[in-house]
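Everything numeric here is computed off the predicted structure, so don't read it as measured data. Here, residue 1 is the first one in the sequence, and each next residue gets the next number.
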Amino acid sequence: MDVPVLERTFIDDIKRLIEDARLNTYAAINAVMLETYWNIGKRIVEQEQQGKSRAEYGTQLLKVLSGELSAAFGKGFSARNLRNYRQFYLSFPHVEIWHTRVPNLTWSHIRTLLRVTDDAARIWYLNEAAQEMWSVRTLDRNISSQYYHRLLQSPAKEKVVSEMKSLTAAYERDKLEFIKNPMVAEFLGLASNMDFTESKLESAILTHLQKFIMELLCKGLHNNSYANKFIMQSDLN
């Protein structure tokens, strides 16, 4: 059925509004996730500093905390993940360093950055990944190929940059990369189901995102019950 030009323009406008709303919602969810993980890491470090024997106390602390959080909120709070949250805070102790980059960076980006031991290189990768909107795969490849150090030492920087863009062109960001990440489902408290198809998972997450954005609009981010409790139960039928 042919649609008149005026009606097609109208329909396209509505589609763009929905797509923009979804992207804004993803950004809101992502910001809450990163802020939550950073604050968990900060609180863990503060608690560890009260322990008499830091190494032994820290190991036991994470084990007990993981058990309690996993029982209350499900997956996403293993001892390994808690160590990552702790490292997130230690690697970026000043919130302003990473907070302004949040719109273009996900937890997968941050977790990848934690592999970089050189402070200057880590901050540089953080800035470049945010400014250039690198996908996680591009960031991972650039870190693995020592892109920062090669660029720093090369007299022909444009050639190095051009080569990198050519080699990572296939890693163009998937629009749904963020919500396909299992960490997002875990953060939102969605039930675990290995047989769940990708399309159904996306649909379930988007349903919860709608609830989430409504609460953001009605109550404000800091008073949001979903954001603060970071759980939303679902049967995923």
> Does the ring pair (Phe, Tyr, Trp, His ring centres under 6.0 Å) test come out yes or no for Tyr85 and Tyr37, once each step is laid out?
Replying inline: CA-CA 5 Å; Tyr85 304 156; Tyr37 294 158; 4.3 Å; yes

> Short question: side chain of Ser166, backbone of Ser162 - any donor-acceptor pair under 3.5 Å?
Replying inline: no

>> If I compare all heavy atoms of Arg122 with all of Ser91, which pair ends up nearest, and what's the gap?
In response: NH1-O, 3.5 Å

>> I'd like to know whether Glu46 forms a salt bridge (Lys or Arg N to Asp or Glu O under 4.0 Å) with Lys42, so could you lay out the CA-CA distance, the side-chain angles of the two residues, the decisive distance to 0.1 Å, and finally the verdict.
In response: CA-CA 6 Å; Glu46 291 173 344; Lys42 180 175 184 288; 2.7 Å; yes

> If you round to the nearest 0.5 Å, how far is CD1 of Ile44 from CG of Leu82?
Replying inline: 5.0 Å

> Do Ile40 and Thr36 have side-chain heavy atoms sitting under 4.5 Å apart?
Replying inline: yes

> Yes or no on side-chain contact (heavy atoms from CB on, under 4.5 Å) for His94 and His99, after CA distance, side-chain angles and deciding distance?
Replying inline: CA-CA 9 Å; His94 304 293; His99 199 267; over 6 Å; no

> Atom CG of Leu105 and atom CH2 of Trp98: how far apart are they, to the nearest 0.5 Å?
Replying inline: 10.0 Å

>> Using a 6.0 Å cut-off, check whether atom CD of Glu132 has over 12 heavy atoms from anything other than its own residue.
In response: yes

> For Ser108 and Val136, which heavy atoms make the closest approach, and how far apart are they?
Replying inline: CB-CG2, 3.6 Å

> Does Glu96 have any salt bridge (charged side-chain N to carboxylate O under 4.0 Å, His left out) partners at least two apart in sequence or in another chain, and if so, which?
Replying inline: none

>> Return the OH to CG distance between Tyr147 and Leu167, rounded to the nearest 0.5 Å.
In response: 10.5 Å

> Should Leu152 and Trp124 be regarded as members of a common hydrophobic cluster, given that ILVMFWY residues are connected when their side-chain heavy atoms come within less than 4.5 Å of each other, either directly or indirectly?
Replying inline: yes

> Which distance, rounded to the nearest 0.5 Å, do you find between the CD of Glu128 and the OH of Tyr148?
Replying inline: 10.5 Å

>> Testing the basics here: between Leu61 and Glu48, what is the closest heavy-atom pair and its distance to 0.1 Å?
In response: CD2-CG, 3.7 Å

> Taking the side chain from Asn81 and the backbone from Gly76, do they hold a donor-acceptor pair closer than 3.5 Å?
Replying inline: yes

>> For Ile123, is there any backbone N or O sitting under 3.5 Å from a side-chain donor or acceptor partner on Asn127?
In response: yes

>> I'd like to know if the side chain of Asn24 and the backbone of Asp20 have a donor-acceptor N/O pair within less than 3.5 Å.
In response: yes

>> Using every non-hydrogen atom in the two residues, find where Ser66 and Ala79 come nearest and quote the distance to one decimal.
In response: OG-N, 3.3 Å

>> Taking CD in Glu158 as the centre, count heavy atoms belonging to other residues, nucleotides or ligands within less than 6.0 Å. Is the count above 12?
In response: no

>> Hydrophobic clustering (ILVMFWY, side-chain heavy atoms < 4.5 Å, transitive) - are Val45 and Val64 grouped together?
In response: no

> Between Trp38 (side chain) and Phe92 (backbone), is there a donor-acceptor pair under 3.5 Å?
Replying inline: yes

> Does the pair Arg8/Asp12 count as a salt bridge with the N-to-O cut at 4.0 Å?
Replying inline: yes

> Out of curiosity, does Phe88 fall in the hydrophobic cluster containing Ile97 (side-chain heavy atoms, cut-off under 4.5 Å, transitive links)?
Replying inline: yes

> With a 4.0 Å cut-off, would you call Lys159 and Glu163 a salt bridge?
Replying inline: no

> After noting the C-alpha distance and the side-chain angles of Asp140 and Arg115, does the key distance pass the side-chain contact (heavy atoms from CB on, under 4.5 Å) rule?
Replying inline: CA-CA 10 Å; Asp140 179 71; Arg115 293 178 7 219; 2.4 Å; yes

>> Between His109 and Thr112, is there a side-chain donor-acceptor contact under 3.5 Å, judged purely by atom types and distance?
In response: no

> If you draw a 6.0 Å radius around NZ in Lys157, do more than 12 non-hydrogen atoms from other residues or ligands fall strictly inside?
Replying inline: yes

>> Quick check for you: to the nearest 0.5 Å, what is the distance between Leu90 atom CG and Leu114 atom CG?
In response: 9.5 Å

> For Arg83, what residues pass the side-chain hydrogen bond (donor to acceptor under 3.5 Å, both in side chains) criterion, not counting sequence neighbours?
Replying inline: none

> How would you list, by chain and number, every residue that makes a side-chain hydrogen bond (donor to acceptor under 3.5 Å, both in side chains) with Arg141, sequence neighbours excluded?
Replying inline: none

> In Å, rounded to the nearest 0.5 Å, how long is the span from CZ of Arg150 to CE of Met164?
Replying inline: 9.0 Å

> Do you know the tightest heavy-atom contact between Leu139 and Ala129?
Replying inline: CD1-CB, 4.2 Å

> If you measure only the distance, is there a donor-acceptor pair under 3.5 Å linking the side chains of Thr168 and Arg137?
Replying inline: no

> Which heavy atom of Ala130 sits nearest a heavy atom of Asn104, and at what distance?
Replying inline: O-ND2, 2.9 Å

